[in-house]
Amino acid sequence: MSEFLIVISVILFIGSLLFLFRRQLLAPASAYLGMLAISFARTADGLPIVPVNNTILMGWLCMTILVMTATILQPLPLRQSSRGEGYMAIGALAGMAVGLLGYSFASLPSMLYGIMIVATVAGTFLGFLLYSRTPEGIPTGIGSGHFFKYLLAKGFPTAITVMQIGVVLVLIIATRHFATN
């Protein structure tokens, strides 16, 4: 059963990344369901494979509901637009990857968690900043007045989706790395 839950979780995480480009409203929900699915996976001894506790699940459920509500409240043309989403998604994934490298100097799992969060936000911002410098992204440039509106409309769901995947990876790294040290 645990193998099935892990496969479902991975499929939901991959789906959440794909939803970022087509149906951004569903991306955070898919990532949350992936985290929820992996929280039920157990070893033969009955211990959780990834220690996702109820506090983590409730906190990210609230964040998922918040970001989905913010997405629903956006005007339909903005909600349907996917301009710059690739830049933000790749930036967020790169930021998450850099943040996960923090285990080399983080002395506590909570530090690794914080480093991953900050790096993902920075990656999302830098990805959008890069997009705003392209010919297609000039209308959303910093001086246009649309920069922060579009960044929050598209970058917030992107960052939350990638962070939820990062939470599971942080917990996997923390249980493997910090348990051996």
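Worth knowing before you read on, the calculation uses all heavy atoms, side chains too, and leaves out hydrogens, waters and symmetry mates.
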With side-chain contact (heavy atoms from CB on, under 4.5 Å) as the criterion, how do Leu78 and Lys149 come out once you've worked through the C-alpha distance, each side chain's angles and the decisive distance to 0.1 Å? CA-CA 10 Å; Leu78 181 60; Lys149 286 183 210 174; over 6 Å; no
Starting at CZ of Phe19, measure out to CD of Glu85 and round the result to the nearest 0.5 Å. 13.5 Å
Working for side-chain contact (heavy atoms from CB on, under 4.5 Å), residues Phe156 and Met63: CA-CA 10 Å; Phe156 186 44; Met63 190 59 73; 4.0 Å; yes
Just checking Arg22: does its CZ atom have more than 12 heavy atoms from other residues, nucleotides or ligands closer to it than 6.0 angstrom? no
Any heavy-atom pair between the side chains of Leu17 and Ile165 that's under 4.5 Å? yes
Min side-chain heavy-atom separation Ser2-Thr43 under 4.5 Å: no
For the residue pair Tyr87 and Tyr131, does the interplanar ring angle fall in the parallel (under 30°), tilted (30 to 60°) or perpendicular (over 60°) class? tilted
Without hydrogens or angle criteria, can the side chains of Thr71 and Gln24 be said to hold a donor-acceptor pair below 3.5 Å? no
Any non-hydrogen side-chain atom of Val52 less than 4.5 Å from a side-chain atom of Leu57? yes
Is Ser81 reaching over with its side chain to a backbone N or O of Pro77, donor-acceptor style, under 3.5 angstrom? no
side-chain contact (heavy atoms from CB on, under 4.5 Å) between Arg42 and Leu47, worked out: CA-CA 5 Å; Arg42 303 279 183 223; Leu47 297 172; over 6 Å; no
Side chain proximity check, Ser82 to Phe21, heavy atoms < 4.5 angstrom: no
Sorted by chain and number, sequence neighbours left out, side chain to side chain contact (heavy atoms under 4.5 Å, CB included) with Glu3 holds for none
Does Ser132 use its side chain to pair, donor to acceptor, with the backbone of Leu129 at less than 3.5 Å? yes
Spell out, as yes or no, whether a donor-acceptor pair under 3.5 Å connects the side chain of Thr120 to the backbone of Met116. yes
Cation-pi between Arg83 and Tyr150: NZ/CZ under 6.0 Å from ring centre and within 45° of the ring axis? yes
Could you walk me through whether Gln164 and Thr64 satisfy the side-chain contact (heavy atoms from CB on, under 4.5 Å) test, starting with their C-alpha distance in whole Å, then the side-chain angles of each, then the deciding distance to 0.1 Å, before giving a yes or no? CA-CA 9 Å; Gln164 290 183 43; Thr64 300; 3.0 Å; yes
Looking at CG of Leu20 and OG of Ser30, how far apart are the two atoms once the value is rounded to the nearest 0.5 Å? 9.5 Å
Minimum heavy-atom distance Gly34-Ser9, with the two atoms named: O-OG, 2.7 Å
